Amino acid sequence: MLADDINSFVANWNLDCVLSKWTATADEIIDKICNITSQMAHLFAATEIADLTRQAE
């Protein structure tokens, strides 16, 4: 049953976890997020295919 599978997954999730090693500083991550957010805002504001093409160049 799906519910049993989900419950088993949740119960065993942390048994063999592997920690992530961060290779970027907090400032680098925040800068990247700001950059991506800015690009997304421009894409959402585009009203025509030509606008998207110009932004991609």
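From a predicted model like this one, the values you see are computed outputs, not experimental measurements.
The ring-ring contact (aromatic ring centres under 6.0 Å, His included) analysis of residues 1-20, with sequence neighbours excluded, yields the pairs F9-W13.
Among residues two or more places apart in sequence or in another chain, the side chain to side chain donor-acceptor pair (under 3.5 Å) test is passed with N12 by S8. Residues satisfying the side-chain contact (heavy atoms from CB on, under 4.5 Å) criterion with I6, sequence neighbours excluded, are L2, V10.
Note that the SG atom of C34 and the CD1 atom of I29 stand 12.0 Å from one another [nearest 0.5 Å]. Rounded to the nearest 0.5 angstrom, M40 CE and I33 CD1 are separated by 11.5 Å.
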